[in-house]
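Inspection log for the structure reproduced underneath, given as structure tokens.
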Amino acid sequence: MELKYRALEGMNDVLPEQSHLWQYVEARWRDHMHQYGYREIRTPILETAELFERTVGETSDIVSKEMYVFQRGEERYALKPEGTAPVVRAYLEHGLYSAGGVQKLYYITPFFRGERPQKGRYRQAHQFGAEIFGAAHPLADAELLAMVMGFFQSLGLPNDLLELRLNTIGCPMCRPAYREGVRNFGRENLERLCKNCQARLERNPLRILDCKECFQITADAPPIDRYLCEECRTHFESLQGLLKALDVAYVRDHRLVRGLDYYTRTTFEVVAEQGLGSQNALCGGGRYDGLVEELGGPPTPALGVGIGVERTLLILQALNMPLPEPPTMDAYVVAFGDAARPVALQIAQQLRATGVPTEFDLEGRSPKAQMRLANRSGARYAVLLGESELQQGTATVKDLQTHEQMTVSQVELTEWIRTRL
RNA sequence: GGGAUCGUAGCUCAGUCGGUUAGAGCGCCUGACUGUGGCUCAGGAGGUCGUGGGUUCGAGUCCCAUCGGUCCCCCCA
């Protein structure tokens with residue numbers, strides 16, 4: 001069929017047959033966040049483009065070629081391409097730091113990147129995010145990672161099907177030296193690197209480490225460990241000790257540098273070994289101790305994670321994890337004949353008001369058709385109303401599983417059904 | 001941005017070397033049952049074969065273009 005209007009490339013409708021699955025993982029996430037003491041924050045979809053240019057980085061792929069930017073009057077706006085920067089902006093704008101102590105915030109948000117879509121990658125995607133402000137101690141890193149792995153576990157995903165990859169990328173004190181080290185290594189091997197990496201060697205040398213094309217060559221690049229300053233080194237060692245104590249398995253990945261400029265020290269991601277195709281990262285995150293200050297706030301250590309909702313759903317389905325059935329009706333009110341329809345509607349309303357999910361035919365259909373719909377709705381009980389019931393002030397209740405029928409007075413009907421569900 | 005692949009009813013698909021009114025299953029609607037579902041049977045609705053152009057006496061089938069889906073590179077959630 002030729003359609004005049006269709007959803008934009010990479011933008012998906014979530015249809016009723018899938019939406020209950022979204023509700024399920026969202027509910028799990030909210031529960032999980034509550035367990036850990038996070039509170040929800042919701043920020044607008046639009047921000048000034050500059051917010052992301054400053055934080056994510058002008059040279060990052062996200063900003064330089066994937067961000068949706070448009071102009072209206074003098075202002076340049078961007079659809080949020082990630083979740084952290086807006087939360088930091090709100091954190092500062094409303095002075096949340098003045099409450100003192102650690103602030104733990106979570107969110108569920110769409111985000112937008114103009115990429116070519118493929119499995120697990122869309123132009124509008126959604127993420128579960130969690131951010132911790134004001135916690136410099138590695139305890140925070142450890143709790144965050146344990147929280148993330150615990151979330152996947154709570155969805156039934158065995159942790160041994162996932163791989164937590166962990167790295168540290170140092171801080172402004174020690175990273176420059178490391179960047180130079182990698183840059184020098186790159187220059188020494190310049191002609192062997194791919195064109196892409198040759199180009200970014202000057203602007204963002206660390207990115208050559210996670211280039212798949214240059215995987216072989218950069219295997220010999222210097223690891224960061226001997227460049228780390230004392231503070232970064234002890235932070236990372238302490239974190240690793242805590243993870244072991246918590247029995248959180250991880251793999252050290254020297255190449256994990258990530259594409260957002262604001263990260264410091266800890267970086268991590270969780271990849272699925274099967275079920276996701278080539279976009280196999282379920283989540284990514286890390287520490288961003290300099291970001292709050294970068295945006296004009298007080299020096300505030302912080303860290304966070306973004307979990308892909310679509311990818312989570314994909315892997316749950318691919319690995320046949322337990323998922324809820326779509327919700328069904330409990331009752332269906334059937335009217336035999338036009339005279340019964342208004343009464344049937346009233347009774348449906350009563351049932352709904354007492355918390356019984358109830359369906360009712362809105363087309364004035366035949367009894368037969370209504371019964372068919374009653375069956376399809378999944379309702380346990382069909383409430384039948386015809387002339388004789390109307391005269392006697394009763395309803396015939398049919399149990400659609402056992403096929404049993406009985407007469408119940410209209411006054412007692414809602415209570416009768418409620419007690420039997 | 002580069003590449004691969006696919007586009008026939010709501011869905012899953014068939015359609016033989018181009019040949020006449022384009023089919024099936026599922027789903028949907030109606031009836032068999034003047035007030036009763038799931039099974040069965042009968043009937044019905046629904047497609048300008050993604051779109052545009054070309055070749056041909058004739059195109060769903062061949063050619064070109066274009067749009068869209070899917071997947072991959074890139075990048076990342």
Side-chain angles (χ1 to χ4, degrees), chain A residues 1-12 15 17 56 60-67 80-84 108-129 148 194-197 200 207 210-214 256-260 269-272 276-285 304-315 332 334-340 344 361 363 365-390 396-405:
Chain A
M1 180 166 43
E2 189 190 2
L3 292 171
K4 189 167 180 187
Y5 299 107
R6 34 173 79 235
L8 294 173
E9 181 177 9
M11 309 258 176
N12 300 117
L15 301 178
E17 60 186 35
V56 177
S60 67
D61 286 312
I62 291 176
V63 167
S64 65
K65 52 190 203 194
E66 296 167 1
M67 193 158 74
K80 63 165 89 162
E82 59 103 33
T84 298
I108 301 175
T109 185
F111 65 97
F112 303 84
R113 293 180 197 173
E115 306 181 89
R116 177 106 14 127
Q118 72 187 71
K119 185 174 190 178
R121 191 177 70 185
Y122 311 100
R123 291 188 168 183
Q124 175 176 344
H126 301 262
Q127 71 179 203
F128 297 137
V148 168
C194 73
K195 281 200 181 123
N196 211 336
C197 285
R200 60 184 162 204
R207 297 310 307 283
D210 66 0
C211 174
K212 284 172 196 159
E213 210 172 321
C214 303
L256 189 59
V257 296
R258 307 202 56 78
L260 291 76
E269 63 184 25
V270 175
V271 301
L276 276 189
S278 71
Q279 304 304 309
N280 64 351
L282 273 171
C283 74
V305 63
I307 301 173
V309 179
E310 284 84 353
R311 291 182 189 180
T312 300
L313 250 8
L314 275 174
I315 196 171
Y332 196 105
V334 174
F336 292 150
D338 289 335
D361 162 52
E363 295 179 275
R365 301 240 257 171
S366 72
K368 190 182 173 60
Q370 290 183 62
M371 286 304 291
R372 198 163 45 235
L373 294 173
N375 185 246
R376 207 181 296 157
S377 75
R380 176 69 190 273
Y381 295 107
V383 176
L384 314 184
L385 289 161
E387 267 182 52
S388 56
E389 286 87 352
L390 249 53
T396 299
V397 180
K398 178 165 188 171
D399 185 322
L400 292 174
Q401 282 173 24
T402 65
H403 310 175
E404 287 174 318
Q405 270 186 211

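Only this structure's heavy atoms are used, side chains among them; waters, hydrogens and symmetry mates stay out. In what follows, chains are A, B, ... by sequence order, proteins preceding strands, each numbered from 1. Since the structure is predicted, the reported quantities are computational estimates derived from the model, not experimental observations.
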When rounded to whole Å, the CE to P distance for the pair A:Met67 and B:C75 reads 19 Å
Quick one: ring-ring contact (aromatic ring centres under 6.0 Å, His included) partners of A:Tyr381, sequence neighbours excluded? A:Trp416
Rounded to the nearest 0.5 Å, what separation is found between the CZ atom of A:Arg123 and the CZ atom of A:Arg113? 13.5 Å
Could you work out the separation of B:G46 and B:G10 based on their C1' atoms and round it to a whole Å? 9 Å
Could you run down the sub-3.5 Å N/O contacts of the protein with nucleotides 65-68 of chain B?
unit_1, atom_1, unit_2, atom_2, d
B:G68, O2', A:Arg6, NH1, 3.0

Using the C1' atoms only, state how far B:G31 lies from B:U36, rounded to an integer number of Å. 16 Å
Quick check for you: among B:C29, B:C75, B:C73, whose closest atom lies nearest to any side-chain atom of A:Arg116? B:C73
Return the polar atom pairs (N/O with N/O) between nucleotides 34-36 of chain B and the protein under 3.5 Å, or none.
unit_1, atom_1, unit_2, atom_2, d
B:G35, O6, A:Ser388, N, 2.9
B:G35, O6, A:Ser388, OG, 2.5
B:G35, N1, A:Ser388, OG, 3.3
B:G35, N1, A:Glu389, OE1, 2.9
B:G35, N1, A:Glu389, OE2, 3.4
B:G35, N2, A:Glu389, OE2, 2.8
B:U36, O2, A:Lys398, NZ, 3.3
B:U36, O2, A:Gln405, OE1, 3.1
B:U36, N3, A:Gln405, OE1, 2.8
B:U36, O4, A:Gln405, NE2, 3.3

Between B:C73 and A:Gln279, counting only base atoms on the nucleotide and side-chain atoms on the residue, is there a donor-acceptor pair under 3.5 Å? no
Where the side chain of A:Arg372 is concerned, which of B:C76, B:C72, B:U30 is the nearest nucleotide? B:U30
Tell me what A:Phe111 touches on the nucleic acid: a base, only sugar-phosphate, or nothing, going by heavy atoms under 4.0 Å. base
Name all residues meeting the side chain to side chain contact (heavy atoms under 4.5 Å, CB included) criterion together with A:Gln124; count only those two or more places apart in sequence or in a different chain, and write none if there are none. A:Met11, A:Pro110, A:Phe112, A:His126
Those residues that, when tested against A:Glu269, pass side-chain hydrogen bond (donor to acceptor under 3.5 Å, both in side chains) (two or more places apart): A:Arg258
B:A22 and B:U51, which share atom name P, separated by this distance in whole Å: 15 Å
With heavy atoms under 4.0 Å as the rule, sort A:Tyr332 into base, sugar-phosphate or nothing. nothing
What residues, two or more places apart in sequence or in another chain, satisfy salt bridge (charged side-chain N to carboxylate O under 4.0 Å, His left out) together with A:Glu310? none
Has the side chain of A:Arg376 got a donor or acceptor atom sitting under 3.5 Å from an opposite partner on the base of B:C28? no
Report which part of the nucleic acid A:Ala374 touches: base, sugar-phosphate, or nothing (heavy-atom distance under 4.0 Å, all strands). nothing
With respect to the phosphate group of B:G37, does any side-chain polar atom (N or O) of A:Gln370 fall under 4.0 Å of OP1 or OP2? no
For A:Gln405, does the CD atom have more than 12 heavy-atom neighbours from other residues, nucleotides or ligands under 6.0 Å away? yes
Mind checking what makes salt bridge (charged side-chain N to carboxylate O under 4.0 Å, His left out) contact with A:Lys119, not counting sequence neighbours? none
Rounding to the closest angstrom, what is the interatomic distance between B:C75 and B:A65 at atom C1'? 31 Å
Between A:Leu400 and A:Glu66, which has a closest nucleotide on RNA chain B that is more 5'? A:Leu400
Contacts of A:Ser388 meeting side chain to side chain contact (heavy atoms under 4.5 Å, CB included) (sequence neighbours excluded), chain-then-number -> A:Gln392
Could you spell out the base pairing of RNA chain B in dot-bracket, with Watson-Crick or G-U pairs whose two distances are under 3.5 Å, [ ] crossing and | to another strand? (((((((..((((.....[...)))).(((((.......))))).....(((((..]....))))))))))))....
Contacts of type side chain to side chain contact (heavy atoms under 4.5 Å, CB included), residue A:Lys65, not counting sequence neighbours: A:Asp61
If the condition is side chain to side chain contact (heavy atoms under 4.5 Å, CB included), which residues does A:Ser60 pass it with, not counting sequence neighbours? A:Val56, A:Ile62, A:Val63
Between B:U61 and B:C17, how far is it from one P atom to the other, in whole Å? 14 Å
Nearest-angstrom distance, P atom, B:A14 to B:G50: 14 Å
Can you tell me how far P in B:G27 sits from the matching atom in B:A42, rounded to whole Å? 15 Å
Would you classify A:Leu260 as touching base, sugar-phosphate or nothing, given that sugar-phosphate means primed atoms plus P, OP1 and OP2, and contacts are heavy atoms under 4.0 Å? sugar-phosphate
Classify the nucleic acid contact of A:Glu115 as base, sugar-phosphate or nothing, counting any heavy atom under 4.0 Å across all strands shown. base
Pick the closest RNA chain B nucleotide for A:Arg365 and for A:Arg123 by heavy atoms, then say which residue is nearer the 5' end. A:Arg365
By salt bridge (charged side-chain N to carboxylate O under 4.0 Å, His left out) - contacts of A:Arg365 (at least two apart): A:Glu363
On the side chain of A:Arg121, is there an atom forming a donor-acceptor pair with the base of B:C74 - under 3.5 Å, no angle test? yes
